[in-house]
Each structure stands twice: as C-alpha cells, then as structure tokens.
4 protein chains.
Amino acid sequence: MGIYERKQREKEQRKIEIINAARTVFSNKGFNSATMEEIASQAELSPGTLYLYFKNKEELHTSLSIEILKHLADEIQTVVNKNISVEEKIESFYDVFIDVYNYDPNILINLFHLQSGETLQNLSDEVLQQIKTYSAMAHGAIIDVVKQGIEQGAFIDEHPVALADIIWASYSGIVLWVDSKRLLNNQKDFVKSTLKTAFKIIGKGLKKK
Amino acid sequence: MGIYERKQREKEQRKIEIINAARTVFSNKGFNSATMEEIASQAELSPGTLYLYFKNKEELHTSLSIEILKHLADEIQTVVNKNISVEEKIESFYDVFIDVYNYDPNILINLFHLQSGETLQNLSDEVLQQIKTYSAMAHGAIIDVVKQGIEQGAFIDEHPVALADIIWASYSGIVLWVDSKRLLNNQKDFVKSTLKTAFKIIGKGLKKK
Amino acid sequence: MGIYERKQREKEQRKIEIINAARTVFSNKGFNSATMEEIASQAELSPGTLYLYFKNKEELHTSLSIEILKHLADEIQTVVNKNISVEEKIESFYDVFIDVYNYDPNILINLFHLQSGETLQNLSDEVLQQIKTYSAMAHGAIIDVVKQGIEQGAFIDEHPVALADIIWASYSGIVLWVDSKRLLNNQKDFVKSTLKTAFKIIGKGLKKK
Amino acid sequence: MGIYERKQREKEQRKIEIINAARTVFSNKGFNSATMEEIASQAELSPGTLYLYFKNKEELHTSLSIEILKHLADEIQTVVNKNISVEEKIESFYDVFIDVYNYDPNILINLFHLQSGETLQNLSDEVLQQIKTYSAMAHGAIIDVVKQGIEQGAFIDEHPVALADIIWASYSGIVLWVDSKRLLNNQKDFVKSTLKTAFKIIGKGLKKK
DNA sequence: TATGAATGAGGTTTCATTCAT
DNA sequence: TATGAATGAAACCTCATTCAT
C-alpha cells in the first residue's frame, strides 16, 4: 500500500470517527440544538477540523443519512439476492428494518429531517447525488421484489413503485410514530411488535388471493 | 353581542391571522429558517405583537399542528359516527386523510417536526396537554373502529392499538415519503394514488379471511 | 370643597396608590426587573394609566425616593424642634432612621439607586428640584443641630456639613451593608443593633471632650 | 516559558483588557445603559468574544467588583500586619480606602450595585463564592484589628463584627453620598476630607476612655 | 493537517411607551 | 380619565464558520 493510499485510508477513518460523534450528538440533541463544538468535542477534535472533512453542519448531518441509506441499500440487496420466495423476501425486509432500528433508533429522525424540504437547499450537488443514488438503490431493490411477485402472479397487480413506497413509508412512519408516542406518553417501546404486525398485514394485503 | 364578546372574538380572529401567516412562512422556509419578523410582517403586525398571543416561536409553530390535529380528530369522529360497516369506515379514513393533505400538504411536516423530540421541552404544559388530547382523540376514534371490526369478527385478532398505529403511521409515512420523492426528483405528486393503494392493501390485510 | 379641589384630591390619592404599588414591586424586583405592567397590575390599573400620572418609569421610581425624603425631612425637623439637648437630638435621629427602616427596608436601595448617576439624566427638572429641596431640608436639619452643638461648645469644631454628612452617610451605608450581608450569607438582620452602636460611637466621637 | 504558559498568560491578559474596557463603559453609563457591544468596541473586540471570557453581562460586571474587593482585602491585610498600634491601624485604613477611591471612584457604585439584591441570581456559584471569600477577607482583617483593640483594652467593649461593620459601611456610605452630592449639586469633591473627619470621629468614638 | 480563538451576523425576546377607543 | 392592544427599538447572546499559527 503506497503512502497516498494510506493517507486516503486515514482520512476515511477520521471521517467515520466524526460521523460517529455527530450521530451521538444529533441523536441526543436534534439538528438545531446540536453544536459543531459539541460534535468536535465528542470526536476529540477541534471545531475547525470538522470543516476540513465536511463543508458545513448541514452536510455533516446529511452524511449520517447517506451512511445509513448505503447500509440499508446493501442489506436489502442481500435479501433480494437470496434464493427464497418473494413472500419470504418481503418478510425478510422486516429483519433488515429492525436491524437498522436497533443500530440507531434515531437514525430515521435524521432521514426525515433530510426530507423536510428545509434542508435540501444547502446541500452540494455531490451529496445530493449520493442521496438520490443510494435512495434509488434501496428502493429499487424493493421494487424488484415486488415486480417479481407480480410477474409470478403472487402479488396484486398494482404499480410496483407504489407498492414499494407503501412498504418503505409505512416502515418509516411506524418508527417515527411509535417512537413519538413513547416520548410523549412515557410508554414502552412498541416499535418492533407494531412493525411485525404491519408486515403481516401488508404482506397479506399484497397477496393476490 | 356585548363589548366583551366582541373583544374576545377580535382576539380570536387576530390569533387566527397570526396562525395563517405562520403557516405560510413555516411552509416556505421550515421551522429554523422562518423568522418571527417575517411572520409578523406577513401578518402585517409588529414582532412584539406575536408574543402577546404566543409564548414563543416554538409554541406558535406547535399551534399549527394543534389546529390540524383538532380538525383531524373531528373528521375522524364524524366517520366513526356514520352508519356504515367497519370496512367502509376504514375506507372513509382515506378521504379524511386526503382532505387534510389537500388543506395543507406541509402541515404534516409540522406534525413530524413536533414529534422529533427536539421540540417537546419548550412547550407550555397547556399546549402539551392539547396535543396529547387531540392526538388521543383522533387515534382513539380509529382504535374504536378497529375494535368494532374485531368484535364483529371482520378484522384479524390483533392488538387494536397496534392496528390503529399502523393505519395512522402508514398514512403519515406515505405523505412524508412521497412528498420528499417529489421534491428530490421533481416527480409528480403521487401521494393520493399511493395512499389509495395503501388503504386497499391495509384494508385487505385487516380482513379476517 | 369645590369640584376642582375634589378632583385634585382624587388625583393626589390615585398617585399615592400608584406609588404604593410601585414600592411593592420595586422592592421585590429591583428597578430593572420591575415592569410597568406589573406595577399597573398591582395598582389594579392599566399600564397606560400610569403615564397619566408619571412621565416615565424613572420618574415613578424617583417619586418613591422623594416621598421618603419628604418623610425623613419632616421627622428630622420634628426632632430639631424639640426642647432637648443637642446630644439628645443626635440620639433621637437614631429613632427616626430606624422608623424609616421599619417603614420599608428597601427604601434605601431606592435612594441609592437614585444616586447612582445612571439615573440622574432622565429626570425632569421639576423632579430634580424636588429631590434637591427635600434632600437639603433633611440634611439641613441635621446640620442645624450640629451647628448648635458646636456653638454650645458641646461638639468638636469641624465643618458642620461634613459632620452631618458623616451621620447621614454612615446610616445609609450601614443599612445597605448589613442588609447585603444578610442576603449574601443568610444572616440575621443586624441593622438595628449595628446602627445603635454606630450612633453611640459617632455620638461619642462628636463630643468635644 | 512554554507555549501553554504563554497562551495562559495571553488569555489572562485579554481578560484584563476586557475588564478595563468594561470599567470604562460601566463607569460612564451605569450597568443598564452600558451595552455589551459598546464594551466590545471599547476593548477592540467583537461582542461574541466577550462571551468567551465571561458568562454574561452580569458576570462581567461583577468581576469589576471582585477585582477591587481582592485589592482591598490585600491592602487591608498589609495594614493589619504592620507593627503599629491598633489606633494607628484604624487610622491607616483611611489611607487604604482613599487609595481605592483614587483608583476608581466609580468602583464603589459597582460594589453597591452588586449588593442590591437584584443581581445575586444570575451569578455563577464560582463568582458568588469569590465575592464571599474576598469580602470576608477584607472584613475579617478589620475585625481582627478591632478585636486586638478590645483585648488590649484600647477600644470599647462592643461586638467586634458590629464595629467593623460600622467602619466599613460608613466608608462606603460616605463615598456614595458625597459623590452623589457632587453630581447633584455640582459641588467639589469632598469625599476625602469628609472621610478624614469620619475616621477621626469614629476613631475617637472607639476609644475606651 | 490540526488548532481554537475570534468573529459578527442575525435571531428571539422584552417592555417602556403610545394612542385609538 | 382610563384602557390595553399594539408597537418597535434595541439588547443580549449564540454559534457556524474562518484563519493565523
């Protein structure tokens, strides 16, 4: 490995450290209350250093979403490649989503923050492109499964994109909603059980007969 | 009408004007980029006046959500009271949700902002209570319908709250998700059609047989 | 009593009510933290009304000092007019001061606020004149006694104004200082006993032999 | 000198610069009329920088008092340690007080502002502790001298704390009072001569016989 | 590359004061 | 005379970002 490569790798490593610190702080404080100084302190770096790796606060925050989107896309693709029935694949999506939820329950808040319109302006084209790419990958994989199901006559004959949207959006919505109920009313965490039921219902609703 | 009543009504009217101005600005700019000064200017009032009617920026923003929550709760209750089958009631929820979406597509972003945890601190107890109340009302009405369905043997025998959560959260998630796709990819607005399909699927998934 | 006179008297009465309300609020909150709205509310009036009786907040605050200055001047003059020895008169000042302190311990803070330079600008000439007048009266009476003492050969032969200053200022300083010690360290209120000792010492120090 | 030490020293130096700027502005305008922006401008810094060194306006203002309290405590202690009689020590206090007065006549206004109750809330515990400490040191030294005097049979047998209070408070009161007379009536500055007489009187009043 | 002190724009909020009723 | 809703200036303070070292 040459010197250039090592440098690149160190740089990549440092970037990951910053992202991890940012995740912690953003998760606890939310986007606005989190300060760059606190993130820097969490990463055991100085504020100025963050700007060597990320254009601004917005972009640092966005990279959290990108990271998880990338992860989601990978996991979903793995499910798609498995040699199992489409019904089983749809069911397996549940495991993927729960996996992400376990990884960081607050991650979805980040994803939604990203989607709140307020944010889309300040992003650089490069970052925006990444989001679109990974988003399309994750979503595309779901669409593929749905398409297979329709072709095989297993699923109802609706627009595959719409069906994939429903799967995806229901998942997101449930996580956010159940989580907010937990916060507002000090309830237990029912995300997993609710999500399980949702997949059962949607899975059943998808079936042709 | 006495002088006191007229004053009260003017005051209520003024509050509505401010809320309308706030909706416009928050919708365009998002919570953080919106400034109190801009809202005041939009309402043709001075900044200080806003604070006669709302404790702070947070609470003004929250009142948008309360307003729509109240509306939602009312509409859902109307559906519940109708003399139709539970299946038809579930279907009718679609109309309610679409109705709200048409009223102001950005309003849901507000609701989700509210639920992002970042916000809950600065709210006065009174406002927090209102949110909980209307939220419980809307959700409670859905739960009631689900319960009826289960009792009548029409719906699958799952925890009614979980089922209601799925309906509610899927709706929210779809609106947010499809809306963000629209923004990111300059697509057409597929919220309504996607929501229609979702209700079909979920309705079917809910059925016992 | 004519209609004009009655009106005048009612006006005077209203003014006193406002001053009493102001004293309460200023005493509890200090000059800056006290708001005109709170004073109005305490006086069971509306904010606007205060401005019919007082030019501004500063002047309202100042009239507290004027009121007490007037009172002090009267009381001191009464002592001066008594048919007792100068030594007894000096001793009697102690009673006057304690009397004022009992009337409102915070009043001196007001007096000192008045003297803090920060305030003197915004006062109307009329008010400023009043302060000077009553201040001169109260102080002048003390000076007179001191002069008598010196003439009678009872007191040391120093500048009478300086001696009066010392009496007056020591009194003020002790009230403020002991009061602040009480606040800072949660001590008992030693103002009276300290003041008593002070008068003993100063009285003794004043004597010629 | 290492790099760390130099940085520390620069930091300390910067703090002093800010304090000096603050003294100038607070002296001219008083606490409320002084603005952070003006202080920053006087210090040739930006407003934000002030907040790197002081928590808020209140604390910056308080540090002026702390600085002078520290100085006072030191000077008084020096007098106490001198090998002179108690009577001479009491007399020497006069020099100390005049010294402080010459250093900055407005500083006492600050001290009294500090004691006006209105202020004590916003201070950090650390700052409050400092005030108590230095205040106790300065006052304690005076008490020691008075105690010595009583033990040696030179002074009257009163509570030493009360006697020290009288010395201290009379000093403060005279400075404030004479200064305000100067401001109000455009008189000459009689603080020093009045203070001299006061010490003579009090000194004489303290003597046992 | 890393630092971290300094910046300074700009936002929220308060509240003395006004004025139409 | 009394009201009290509305004003709007102005202040404090924060914090993303920069840049000399």
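Fair warning: this is a prediction, and the values are worked out from it, not measured in the lab. Within every chain, numbering begins at 1; the chains are lettered A, B, ... in the order of the sequence lines, protein sequences first and strands thereafter.
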Inset, instruction - May I have the step-by-step check of side chain to side chain contact (heavy atoms under 4.5 Å, CB included) for I18(A) and K15(A), ending in yes or no? - result: CA-CA 5 Å; I18(A) 294 175; K15(A) 219 168 168 173; 5.8 Å; no

Legend entry - Closest-nucleotide ordering on DNA chain E, the 5'-leading residue of K11(A) and E44(D):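 Result: K11(A).
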
Legend entry - Toward the 5' end of DNA chain E, by each residue's nearest nucleotide, M36(B) or L52(D):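 Result of the comparison: L52(D).
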
Write down the distance between [atom1] ([X]) and [atom2] ([N]), rounded to a whole number of angstrom.
X	N	atom1	atom2	result
F31(D)	dA11(F)	CZ	P	13 Å
Y51(C)	dA6(F)	OH	P	18 Å
F54(A)	dT17(F)	CZ	P	13 Å
E10(D)	dG4(E)	CD	P	14 Å
N32(C)	dA11(F)	CG	P	13 Å
R9(B)	dA5(F)	CZ	P	18 Å
K57(C)	dT14(E)	NZ	P	14 Å
I18(D)	dA5(E)	CD1	C1'	11 Å

Do [X] and [Y] make a side-chain contact, defined as non-hydrogen atoms from C-beta onward lying under 4.5 Å apart?
X	Y	result
R14(A)	L52(A)	no
Y53(B)	I19(B)	no
F31(B)	K57(B)	yes
E17(A)	Q13(A)	yes
I16(A)	N20(A)	yes

Nearest 0.5 Å please: distance from the [atom1] atom of [X] over to the [atom2] atom of [Y].
X	Y	atom1	atom2	answer
I131(B)	S63(B)	CD1	OG	9.5 Å
H61(A)	F26(A)	NE2	CZ	5.0 Å
E67(D)	K70(D)	CD	NZ	8.0 Å

Taking only N and O in the side chain of [X], is any of them less than 4.0 Å away from OP1 or OP2 of [N]?
X	N	answer
R14(C)	dT1(F)	no
S46(D)	dG8(E)	no
Y53(D)	dA5(E)	no

Legend entry - Bracket notation of DNA chain E in which parentheses pair within the strand, [ ] cross earlier pairs, and | pairs with another strand (Watson-Crick or G-U, under 3.5 Å): .||||||||||||||||||||

Inset, instruction - Identify whether any heavy atom of L45(A) sits under 4.0 Å from a base atom; if not, whether one sits that close to sugar-phosphate; answer base, sugar-phosphate or nothing. - result: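 Result for L45(A) = sugar-phosphate.
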
Legend entry - Side chain of P47(C) - closest among dT17(E), dG11(E), dC12(F):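 Of the candidates, dT17(E) comes closest.
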
Expected rows: protein N/O vs nucleotides 19-21 of chain E N/O, under 3.5 Å:
none

Legend entry - Of E37(D) and E37(A), the one whose closest DNA chain F nucleotide lies more 5':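 Looking at the nearest nucleotide for each, E37(D) comes out on the 5' side.
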
Legend entry - Listed once per pair and sorted, the side-chain hydrogen bond (donor to acceptor under 3.5 Å, both in side chains) pairs that draw on residues 38-49 of chain A, sequence neighbours left out: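 Sorted result for residues 38-49 of chain A: K29(A)-E38(A), S46(A)-T49(A).
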
